[in-house]
Amino acid sequence: AAAAADGDESRRASAGGSAVSAGASGARKPGDAVFDFVIVPLAHPRYERIFEMQRGAMAGTLSGSTRTNSGGGSVGGGSGTLAGLSRGVPTGSVRSSRAGSGGAREAAQQAIVRSDPFTRSDTELYTGEWMSAVLGKVSEWIRLDSIHDSVRSNAEEAFFQELAYAAHLSLRAAVVTAPIGGPSGGIANFGSCLNAALLRFPTLQIWLRLPVRVPDSFPSSRVKDGDTWELWNAVRCMCDSHPNLGVALEVGALLPAAPGVLERWTAEPLRLMLLSTAAFQMNRHSFPVLSKPHQAFVKAAFRYQPQLAICHRLPPKILETQTVTRGYRLYVDYIAHMFGKQPVPPADEQFCAKYQDVLMEPPQLLAPQPPRASMHVDAPRLVPALSVASLEYDTAKLEAYADALARCFVDRAPAAATTIKGGIVVLVLGGGRGAMLTTVLAAAKRPGAAKLAEVHVVDMNPMAVQTLRSRAARDPEWARVRVHQGRDWSAGRGVGRKQVDVCVTDLLGAFGDDALLPEWLETMTDAFKDDVVCIPSRVESYIAPLSGDVLYNALRNDTAATRTAAERPFDAPYVVCINRGSHVAPVQQCFTFALPAAIVGVAGEKPSFSQQRSLTFDVSEARVLHGFAGYYDAALYKDVTFSTRPETHPPAQGANRFALFFPVRLPIYLVRGTVCTFELWRRSEGPRVWYEWAVTAPELTPLHNVMGCAFSMTTRGFLPPTPSVW
């Protein structure tokens, strides 16, 4: 957290740079800083520069309507004298008094010639201190959206001058205040200048400062119902979602009352959260505290790790007993106290944190994959390493499987006692490193459970098979475990026909069927008894429209992990642990698979795993659509279920589980009250399986991944990228 030396506080100083004293006193020793960083004006807030292009000498007052194109300094005339422009002498002026008639204004000022630089020297701090401890703040008098050409032209010069100095100092970011109120010619010029600055200074991040809500009585044509998200979205669209453009969200005394409004900001690049002193209340001990709604919003923001800062002037009650520095420190200590009270994340959440907003092409393979021209993945040959590791850390999933297995073993105990083998035969598909096998063996030890006659485990990954066989050789509890290499393995020969009582697997991927579990189970049906129990017995996939600017930029800027389909990055689904993203509408059910399909379906009829769904979502708040997130529900045994849907495990109570992300090529703006229609196909041709998707409302998008041109999976090795027949 930091003390942000904002406009009112910094005007106490004689120069813009001295506003640092609001955060850390110059008399303090190194390493004894009060704040982590400060936000200071790049130039003194009262120093409104005037820039002129002069080609000769002239006398009289300086006209504000002349525009400069030199990009250098400025001149000013005083007492009929003109300073030379060729040397780029900076010129300051007092605040202007603008008047106009006939619908036109002219900013006429009597300039003051100054030979001093427009701001402090970069030698005030070391380079490392500029980079780590200071954020720049662009002067608020700079109105890039002014309706006056002269004022707008002069503002552009000052704007680029300050950002150039911020880039020279190697600052992390510069904070620019969004034009919300006052006379305005629209945000077109503001967005144009912001876009030019992002291109001109590629190493500098620009954070747009916006209040989370303005009063309803605030005179502004850009803000409706006090909500500033529409303004941010307009600027973001003009800048083409530039990755260096972020949000500096100012939280004041007012918060949006409508549900879902605050959630929209979680999908945006929230870089800085400015907590106004007006948002705090004084408790009975005269210490600042936040109200319950403010606390909930700030705690939710902790997940996205923004910079936190305190802004605006201290209340008189605190200044009566505290210095300015100590007064701001009270607010920082309170935020630190809130952060310290957060519970320690469990192991599964810590595991997922490493993969938050990291796009991974399904599946992530444990063994190295040879480079190929197309992205056709042999899904069951090698189990994804991410699935293996995530199961070991996902205690909730293991507990659900343990409960389902225990109840199943108890129900099968009477029939198992009368069999020739004296127990039940269990088939485990996908052994990994043994987490599921350990769960099976532990469930068989519960009171009343059936004995285990044999436990067969099949894995396509030769490295996993080696690990499982090594453990079976040295662990006496694994004496009944038989490990099989799944490549070209026949369940009827390896286990025996009609021998398996219980089949258990966790190969559900991120969408329920993206690990080709239905297809793999079909090859095992020869070994299943007629009354076989499959855990899970039913899998339902779910889809929700997603707003996630971070994910979209990751694909557009080619930063997705393990890229193999770079030519069509938006035509492939991705496994991702979504953090900076939010749902546009509630999830809806998509595909349904009963397992095993060959036994549940019609006898003698080969089951079809190709499905198509058309889903319509109601949009309650204006949002930007970047894709769709896929989840699943698994019915394990009777009423024991497991789900990855976010509403079944809130972020505060569990891990951010992985989802399957279906991107769209261009963001789609969704108006409040409209509908969004999503079409999804799961197609198969022989051993190949792929997804196709498109948006048909409110806009029509091209069909993504046509015939699996960018991504497909197959159960029998790799196939040519383009099939000859459908």
Side-chain angles (χ1 to χ4, degrees), residues 380 400-431 436-437 439-441 443-444 446 448-459 480-484 486 488-508 512-513 515-540 591-611 633-642 715:
Y401 269 87
D403 187 19
L405 286 167
R407 296 177 62 175
C408 175
F409 290 169
V410 171
D411 293 343
R412 304 283 292 197
T418 61
T419 60
I420 298 177
K421 295 184 178 181
I424 60 176
V425 178
V426 179
L427 176 63
V428 180
L429 299 183
M436 185 57 69
L437 273 173
T439 305
V440 171
L441 296 176
R446 298 202 182 178
K451 293 183 179 180
L452 296 178
E454 296 176 1
V455 178
H456 297 268
V457 55
V458 184
D459 204 293
R480 296 183 177 87
V481 176
R482 305 290 182 266
V483 182
H484 307 277
D488 299 328
W489 179 77
S490 171
R493 295 193 303 267
V495 180
R497 293 182 59 85
K498 305 295 183 179
Q499 295 295 318
V500 176
D501 297 279
V502 178
C503 177
V504 57
T505 179
D506 67 297
L507 297 180
L508 299 173
D513 62 277
L516 301 186
L517 178 60
E519 285 82 359
W520 198 13
L521 279 175
E522 184 189 5
T523 65
M524 306 288 175
T525 54
D526 290 344
F528 291 164
K529 291 184 177 180
D530 294 337
D531 60 344
V532 65
V533 175
C534 187
I535 301 177
S537 60
R538 185 182 182 89
V539 178
E540 297 176 347
F591 301 144
T592 301
F593 293 94
L595 305 175
I599 293 180
V600 177
V602 179
E605 182 178 331
K606 185 177 180 179
S608 174
F609 303 113
S610 298
Q611 297 190 27
D633 274 1
L636 300 183
Y637 184 74
K638 293 185 176 179
D639 60 342
V640 182
T641 61
F642 177 77
T715 59

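Fair warning: this is a prediction, and the values are worked out from it, not measured in the lab.
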[X] side, atom [atom1]; [Y] side, atom [atom2] - distance, nearest 0.5 Å:
X: L429; Y: H484; atom1: CG; atom2: NE2; result: 11.0 Å
X: K638; Y: C408; atom1: NZ; atom2: SG; result: 9.0 Å
X: T592; Y: Q611; atom1: OG1; atom2: CD; result: 6.5 Å

Just to verify, what does R412 make a salt bridge (charged side-chain N to carboxylate O under 4.0 Å, His left out) with, not counting sequence neighbours? D501, D531
Please name the pair of heavy atoms, one in [X] and one in [Y], separated by the smallest distance, quoted to 0.1 Å.
X: A635; Y: T641; result: CA-CG2, 4.1 Å
X: V495; Y: A527; result: CB-CB, 4.4 Å
X: F593; Y: P518; result: CD2-CG, 3.8 Å
X: D513; Y: F591; result: OD1-CD1, 4.2 Å
X: L521; Y: C534; result: CD1-SG, 3.9 Å
X: A404; Y: V640; result: CB-CG1, 4.0 Å

Do the side chains of [Y] and [X] get nearer than 4.5 Å, heavy atoms only?
X: D411; Y: Y637; result: yes
X: P536; Y: L636; result: yes
X: R407; Y: D639; result: yes
X: L517; Y: L508; result: yes

side-chain contact (heavy atoms from CB on, under 4.5 Å) involving A444 - partner list, sequence neighbours excluded: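 Partners of A444 under the side-chain contact (heavy atoms from CB on, under 4.5 Å) test: F409, L452.
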Got a list of side-chain donor-acceptor pairs under 3.5 Å for residues 421-428, not counting sequence neighbours?
from : atom 1 : to   : atom 2 : distance (Å)
K421 : NZ     : E454 : OE2    : 3.4
K421 : NZ     : Q499 : OE1    : 3.3

Can you tell me which residue among V504, D506, L405 is in a side-chain contact (heavy atoms from CB on, under 4.5 Å) with T439? L405
Option passing side-chain contact (heavy atoms from CB on, under 4.5 Å) with I535 (candidates V502, V440, T505, L595):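 Exactly one candidate clears the test, V502.
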